[in-house]
Number of protein chains: 2
Amino acid sequence: MNSKELIFQAAAKLFREKGYAATSMRELATQVGLEASSLYNHIKSKEEILQEICLRNAGKFTAGMKIIQDISNLNALQKLESIIRLHVVIASEDISSVTVFNDEWKHLKEPVLSNFLKQRKQYEQSVKVILQEGIEQELLKKVDIEVALFSFLTSLRWIHYKFAKGRISSERLTENLKTILIFGLANS
Amino acid sequence: MNSKELIFQAAAKLFREKGYAATSMRELATQVGLEASSLYNHIKSKEEILQEICLRNAGKFTAGMKIIQDISNLNALQKLESIIRLHVVIASEDISSVTVFNDEWKHLKEPVLSNFLKQRKQYEQSVKVILQEGIEQELLKKVDIEVALFSFLTSLRWIHYKFAKGRISSERLTENLKTILIFGLANS
DNA sequence: GTCTATATAAGGATAGAC
DNA sequence: GTCTATCCTTATATAGAC
């Protein structure tokens, strides 16, 4: 891995633990074994690091969603399951990075911020369409789409917690989330 | 409302929008119509504001949980429903403050941080006991308790989103969350 | 590509006049 | 209780030697 990638990785870890604004370039430099000024031979600015982390993850989710949409023989339930798996896989690949993507995007500056929010909105819209499809086909209950959307996605937004703390496998996590989020906690 | 409370309120709004670390005392002062130095006639430090916001909300959740536990004739499903209502009510009372409580606690310093985390752990433990009860009584499916706990609580941790963006009533939100989180999205 | 030194800005917080 | 002035620290980022 080159210096730039090592910096991104160390930055993701720090941004996750302390938050973007509370992380200094001096701390980051120490983590990668350099002086602060030396970082600027590899990156343009602190902001650039955040942009890279956020946009890379946005790209992963967008690409994953496109694949799910393109598999035409999945019904709404199977699509939701695929989305759960997508979130678990991305979180398992790089926990720190996806946490920064989730929690620190608000420190992005224009015009990157608008670009980021547009992508997120589009992703949410894709999930919304699947939920609507499911309700129309009577595969899903007639719930408020907005509440379902936010409840579903925010549950998935915190998957990294489990990987960070626990020793649960991707498969078991996916299976459990599928049961809980789609079929509910209650015994029916 | 006295000056101190006005400062807390303005601070919660700013901390929520920009994050604790990215909010300056000068900005906060401007919001309440003062110079930065004048704030210190009402509060001891920036940190004290965060402490107040976090501990007040922690207190609300702890108190609410105690009441739910004390109602002895509720079964696990009814207790979970009560917890949903508790989160909706607290979020509806003061959206900014509860968001700061959720997202900015990591900037607390010791010994307050440990105290805060202890309270949070205790709250999670209470929910866990209810989930275990529900599984033992076969009211709930045999899911991984940790996944159920985190999935349930994190869904509720983002309720403020709905109040901020939408025009949904507390009653309708509670009802929808109950359906989704307890009985699942899927039609059974 | 890394370092030391430094420019420049902004941060939290205090002193003391009114 | 609020102000102006300021202390002191820390921040991002650049310049220029090696």
Side-chain angles (χ1 to χ4, degrees), chain A residues 1-55 96-97 100 103-113 116, chain B residues 1-55 96-97 100 103-113 116:
Chain A
M1 199 184 297
N2 64 27
S3 298
K4 193 161 182 171
E5 287 307 316
L6 285 172
I7 290 170
F8 285 148
Q9 200 170 51
K13 192 162 177 292
L14 284 172
F15 292 172
R16 177 198 183 187
E17 289 165 2
K18 323 189 47 157
Y20 174 76
T23 300
S24 75
M25 296 300 274
R26 286 174 175 84
E27 272 179 292
L28 174 56
T30 303
Q31 280 297 312
V32 295
L34 290 174
E35 291 301 315
S37 60
S38 303
L39 294 173
Y40 293 89
N41 282 309
H42 306 283
I43 51 114
K44 217 182 86 240
S45 64
K46 186 183 177 185
E47 162 91 3
E48 189 206 12
I49 303 175
L50 183 64
Q51 287 176 9
E52 267 291 308
I53 295 172
C54 288
L55 293 181
S96 295
S97 152
V100 171
D103 299 346
E104 304 298 323
W105 58 265
K106 72 170 100 169
H107 297 107
L108 291 170
K109 285 175 195 148
E110 297 293 1
V112 177
L113 178 59
F116 178 87
Chain B
M1 201 184 299
N2 64 27
S3 298
K4 194 162 182 170
E5 288 306 315
L6 284 171
I7 291 170
F8 284 148
Q9 198 171 54
K13 192 161 178 291
L14 283 172
F15 291 172
R16 177 198 183 187
E17 289 165 3
K18 322 190 51 160
Y20 174 76
T23 301
S24 74
M25 294 302 274
R26 287 172 174 81
E27 270 179 294
L28 173 56
T30 303
Q31 280 298 311
V32 295
L34 290 175
E35 290 302 316
S37 60
S38 304
L39 294 173
Y40 291 90
N41 283 309
H42 305 283
I43 52 115
K44 215 183 87 239
S45 64
K46 185 184 179 186
E47 163 91 2
E48 190 206 12
I49 303 175
L50 183 64
Q51 286 176 9
E52 268 291 308
I53 294 173
C54 289
L55 293 181
S96 295
S97 152
V100 172
D103 299 346
E104 303 299 324
W105 58 266
K106 71 170 102 168
H107 298 107
L108 290 171
K109 285 175 196 146
E110 295 293 1
V112 177
L113 177 60
F116 178 85

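Just so it is clear: chains get the letters A, B, ... in the order the sequence lines come, proteins before strands, and each one is counted from 1. Worth saying up front: this structure is predicted, and the values here are computed from it rather than measured. Values reported hereafter were calculated over all heavy atoms of this structure, with side chains retained and with hydrogens, waters and symmetry mates removed.
Within the structure, ring pair (Phe, Tyr, Trp, His ring centres under 6.0 Å) contacts touching residues 20-39 of chain B (residues at least two apart or in different chains) are B:F15-B:Y20, B:Y20-B:H107. Counting only residues at least two apart or on different chains, the side-chain hydrogen bond (donor to acceptor under 3.5 Å, both in side chains) pairs with a member in residues 3-12 of chain B are B:E5-B:R56.
Annotation: proximity of residues 24-40 of chain B to DNA chain C (heavy atom, distance under 4.0 Å) is found for B:S24, B:M25, B:R26, B:S37, B:Y40, numbered in ascending order.
Put simply, CG on B:N2 is 9 Å from P on D:dG1, counting in whole angstrom units. At whole-Å resolution of the value, CG in A:L14 and C1' in D:dT12 are 16 Å apart. With rounding to whole Å, B:K46 atom NZ is found 9 Å from C:dG11 atom P. A:H42 has its NE2 atom 15 Å from the P atom of D:dT14, to the nearest Å. We find that NZ of B:K44 is positioned 10 Å from P of C:dT14, with the value rounded to whole Å.
Legend: residues meeting side chain to side chain contact (heavy atoms under 4.5 Å, CB included) with A:S96, ordered by chain and number and at least two apart, are A:A12, A:K13, A:R16, A:D94. Partners of B:S24 by side chain to side chain contact (heavy atoms under 4.5 Å, CB included), not counting sequence neighbours, listed by chain and number: B:R26, B:E27. Residues meeting the salt bridge (charged side-chain N to carboxylate O under 4.0 Å, His left out) test with B:K46, sequence neighbours left out: none.
No donor-acceptor pair under 3.5 Å is formed between the side chain of A:Q51 and the backbone N or O of A:V112.
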